[in-house]
**Student:** 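First, the structure itself, so that you have it in front of you.
Below, chain A is the first sequence line, B the second, and so on; all start at residue 1.
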Number of protein chains: 2
Amino acid sequence: MAAPERGRTGRPPRTSRAQILSAARELIDDEGWERLTMRKLAARAGVAPTTLYHHVRDREELLAALLDDYADRIPRRELPREPVERILAAATVMHDALAGWPWLVEVLTADDLIGDAALWMVEAIVDAAMEHGCPADEAVHLYRSVWYYTVGEILVRASADRKRAELDRPAYRDTVFRRLDKPELPRLSAIAGRWPALCAEDTYAYGLRALVEGLLTK
Amino acid sequence: MAAPERGRTGRPPRTSRAQILSAARELIDDEGWERLTMRKLAARAGVAPTTLYHHVRDREELLAALLDDYADRIPRRELPREPVERILAAATVMHDALAGWPWLVEVLTADDLIGDAALWMVEAIVDAAMEHGCPADEAVHLYRSVWYYTVGEILVRASADRKRAELDRPAYRDTVFRRLDKPELPRLSAIAGRWPALCAEDTYAYGLRALVEGLLTK
DNA sequence: ACCTGAACACCGTTCAAGT
DNA sequence: ACCTGAACACCGTTCAAGT
C-alpha cells in the first residue's frame with residue numbers, strides 16, 4: 001500500500017540480475033557449464049558469493065534463467081508450407097539452437113523444459129503432422145520421436161567433442177577399435193579404420209528425414 | 001624377477017576392488033549416481049576415503065569400471081534372422097539395458113563408450129543393415145541414427161522420472177501447459193490436457209521401427 | 001534494500017607416515 | 001603392500017550483521 005511507485009527505500013542496487021546472467025554466460029562459454037560455480041561467478045561479477053543469492057534463488061534457478069533467456073533469442077524463421085518439409089525445418093531450428101549451446105541439453109533434457117518461448121517449434125511440428133493427416137496422438141508421438149533423436153544427436157556430439165578436447169587420454173574408442181580384429185565382429189573389424197571418420201560426418205538431417213518419412217508413411 | 005608366485009610381501013589386503021564396485025552399485029541404486037561421492041562410498045565400504053585411491057585411479061575410472069562391468073552382464077540374446085527385425089531387436093537390447101540403469105547414459109553418452117563387451121550389438125546392427133543391402137557407410141550411419149534416438153529416449157525419460165520424483169516443484173511442463181491457451185498455438189492448446197498422458201506412453205519401439213524403415217527404404 | 005564475512009557441511013585428491 | 005589422518009583447495013548455501 002505504502003510502497004511508492006518510483007522512490008524505493010534502502011540502498012540502491014549495485015548488481016543487477018542481468019549482469020549476473022551475462023557474467024554467467026561468459027563463464028560458461030569460457031569454461032563449460034559444469035565448471036560454473038557460484039563462487040567463480042561472483043568473482044567474475046565482482047561481488048561476494050553470497051550476494052548472488054539476492055538475485056537468484058540458487059544455482060538451478062540461475063541455469064533455468066539462462067535457458068529461458070536463450071530460448072527467447074531463437075529467431076522465428078519462416079517455415080515451408082509443405083508439411084513434411086515444415087517438420088524438418090522446425091526440427092532443424094531446434095537442433096541448431098541446441099547445437100549452438102549444447103550444455104543446454106544437459107540442463108534441460110526433461111521433455112518439457114522447452115520453455116514457453118520455444119513452443120512455437122513444437123506447435124509447428126504437431127501442426128504439420130496433423131495437416132499431413134496424423135491424428136493428434138500420433139502427431140505428439142511424432143514430435144517426441146523427433147525430440148529424442150535430436151537430443152541424442154546433440155548430446156552424443158557434444159560429449160564426443162568434449163572428450164576430444166580433453167586430449168590427455170587417447171579416446172577410449174580408438175583403443176577399442178585398435179584391438180578390433182575379432183572373428184566374431186567381422187563387420188566392425190572390416191570397417192574399424194574408417195569408423196572415426198564416419199562418426200565425424202554430420203548425418204543429423206539424413207536420419208531426421210528418414211525418421212519423419214518413416215513415421216508418416218505408416 | 002624375485003617376485004614370488006604366491007607369497008606376496010607386506011600387509012594382506014582388507015579391501016578388494018570388487019568390494020568397492022559393489023558398494024558403489026548399492027550407493028547408486030540408493031541415491032543416484034550424481035550423489036555417489038568418494039567419501040560416502042568409503043563410508044559404505046567401511047574404509048577411509050583415501051583407501052579408495054589404492055584400488056581405483058579416481059572417480060571417473062570408478063564409473064567407467066562400473067559401466068564395463070554392467071556391459072559384461074548384458075545377456076546375449078538370440079536375434080532374428082530377418083535383417084530389419086534383427087536391427088530392431090539389437091537396438092531394443094541396447095535400449096533395455098540402458099533403461100535398467102539410465103545413469104549409464106549420462107556417464108557414457110560419448111558415441112564410443114560402448115565398451116568392448118557391448119560391441120556385439122553394434123555388430124548385429126551394422127551386419128543386418130549390410131545384409132539388407134546398405135553399403136558399409138550407410139550401415140554405420142544407420143547405427144548412429146539408432147544410437148541417437150535411443151540415447152535421447154533414455155535420457156529424456158530418465159530426467160522426466162527424476163523430476164517427477166522431486167515433487168517439490170510442480171513440474172515446469174504442467175505450469176507451462178496450464179497457461180496454454182494462446183491463439184498462436186492452436187494445436188498445443190487443443191491438446192494441452194492430454195499432453196502429459198501422451199508423453200507418458202512408451203513409444204520407443206514405434207519410433208525405432210519408423211526410423212529404421214525410413215532409413216532402409218530410401 | 002542491498003551487500004557482506006563468517007560459518008556450516010560438504011567435496012575430490014595428495015602425501016607423508018604408520019603397520 | 002596396504003591403509004590412514006591430516007591437509008589442500010575447493011564447493012553451495014545460510015544467516016546475522018553492516019551500510
Side-chain angles (χ1 to χ4, degrees), chain A residues 1-24 27-28 30-66 103 106-107 162 166 168-169, chain B residues 1-21 23-24 27-28 30-67 103 106-107 162 166 168-169:
Chain A
M1 269 263 167
E5 269 274 344
R6 176 179 292 248
R8 306 215 202 80
T9 76
R11 200 164 165 171
R14 225 184 60 202
T15 321
S16 73
R17 197 178 148 100
Q19 264 168 51
I20 291 175
L21 291 183
S22 89
L27 202 47
I28 287 171
D30 288 2
E31 312 200 21
W33 81 282
E34 322 84 330
R35 300 257 247 273
L36 168 72
T37 71
M38 299 302 269
R39 292 168 118 108
K40 277 200 271 190
L41 172 57
R44 189 175 281 241
V47 296
T50 48
T51 303
L52 299 177
Y53 292 86
H54 253 265
H55 301 273
V56 297
R57 184 144 59 93
D58 53 20
R59 187 170 183 270
E60 202 186 336
E61 202 229 40
L62 176 85
L63 294 172
L66 287 171
W103 70 270
E106 300 172 54
V107 171
R162 200 187 319 145
E166 297 166 4
D168 44 337
R169 304 186 197 184
Chain B
M1 267 266 166
E5 270 274 343
R6 173 179 292 251
R8 304 217 202 78
T9 76
R11 201 166 166 172
R14 223 184 61 202
T15 323
S16 73
R17 196 178 149 101
Q19 264 168 52
I20 290 175
L21 291 183
L27 202 47
I28 287 173
D30 287 1
E31 311 200 21
W33 80 281
E34 324 81 331
R35 300 256 247 274
L36 168 73
T37 69
M38 298 302 271
R39 291 168 119 108
K40 277 200 272 190
L41 172 58
R44 188 175 282 243
V47 296
T50 48
T51 303
L52 299 177
Y53 292 86
H54 253 265
H55 301 274
V56 298
R57 185 143 60 91
D58 52 21
R59 187 170 183 272
E60 203 186 337
E61 203 230 40
L62 177 84
L63 293 172
L66 286 170
L67 191 148
W103 71 270
E106 300 172 52
V107 171
R162 201 188 319 147
E166 298 167 4
D168 44 339
R169 304 187 196 183

**Student:** Can you tell me how far C1' of C:dC2 sits from CD1 of A:Ile20, to the nearest Å?
**Tutor:**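 Result: 12 Å.
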
**Student:** Run the salt-bridge test on B:Glu61 and B:Arg17 with the 4.0 Å N-O cut-off and return the result as yes or no.
**Tutor:**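 Between B:Arg17 and B:Glu61 there is a salt bridge, with a charged N closer than 4.0 Å to a carboxylate O.
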
**Student:** So, using side chain to side chain contact (heavy atoms under 4.5 Å, CB included) as the criterion, who are the partners of A:Thr50 when residues are at least two apart?
**Tutor:**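 With sequence neighbours excluded, A:Thr50 shows a side chain to side chain contact (heavy atoms under 4.5 Å, CB included) to A:Ala48, given in chain and number order.
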
**Student:** What's the spacing between B:Thr37 OG1 and B:Leu41 CG if we round to 0.5 Å?
**Tutor:**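 So the OG1 of B:Thr37 and the CG of B:Leu41 are separated by 7.5 Å.
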
**Student:** Which residues pass the side chain to side chain contact (heavy atoms under 4.5 Å, CB included) test with B:Ala43, sequence neighbours left out?
**Tutor:**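 Not a single residue meets the side chain to side chain contact (heavy atoms under 4.5 Å, CB included) criterion with B:Ala43.
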
**Student:** Counting side-chain heavy atoms from CB outward, which of D:dC11, D:dT13, C:dG12 is closest to A:Thr37?
**Tutor:**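 In terms of side-chain proximity for A:Thr37, the closest of D:dC11, D:dT13, C:dG12 is D:dC11.
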
**Student:** Which heavy-atom pair separates B:Pro49 from B:Ala42 by the least distance, and what is that distance?
**Tutor:**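 Looking at all heavy atoms of both residues, the shortest contact is CA-CB, 3.4 Å.
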
**Student:** Specify the residue among B:Arg39 and B:Thr15 whose closest nucleotide of DNA chain D lies further upstream toward the 5′ end.
**Tutor:**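 Result of the comparison: B:Thr15.
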
**Student:** Output yes when B:Lys40 and B:Asp30 qualify as a salt bridge under the 4.0 Å nitrogen-oxygen rule, no when they do not.
**Tutor:**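 No salt bridge links B:Lys40 with B:Asp30.
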
**Student:** Does some side-chain heavy atom of B:Leu52 sit less than 4.5 Å from a side-chain heavy atom of B:Thr15?
**Tutor:**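 With C-beta onward as the side chain, the pair stays apart.
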
**Student:** How does DNA chain C read in dot-bracket, base by base from 5' to 3', with Watson-Crick or G-U pairs under 3.5 Å and | used when the partner is on another strand?
**Tutor:** ||.|||||...|||||.||

**Student:** Using side chain to side chain contact (heavy atoms under 4.5 Å, CB included) as the criterion, list what pairs up with B:Arg14, not counting sequence neighbours.
**Tutor:**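 Side chain to side chain contact (heavy atoms under 4.5 Å, CB included) check on B:Arg14 returns B:Val47.
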
**Student:** Could you list the protein-to-nucleotides 17-19 of chain C atom pairs, N/O on both sides, closer than 3.5 Å?
**Tutor:**
residue, atom, partner, partner atom, Å
C:dG18, N2, B:Arg11, NH1, 2.7

**Student:** Between B:Arg59 and A:Arg14, which has a closest nucleotide on DNA chain C that is more 5'?
**Tutor:**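 Final value for this comparison: A:Arg14.
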
**Student:** Grab the two heavy atoms, one from B:Thr51 and one from B:His55, that are nearest each other, plus how far apart they are.
**Tutor:**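 Closest heavy-atom pair between B:Thr51 and B:His55: O-CD2, 3.4 Å.
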
**Student:** Got a sec? Which of residues 42-56 of chain A come in under 4.0 Å of DNA chain D, heavy atoms?
**Tutor:**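 Contacting residues: A:Thr50, A:Tyr53.
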
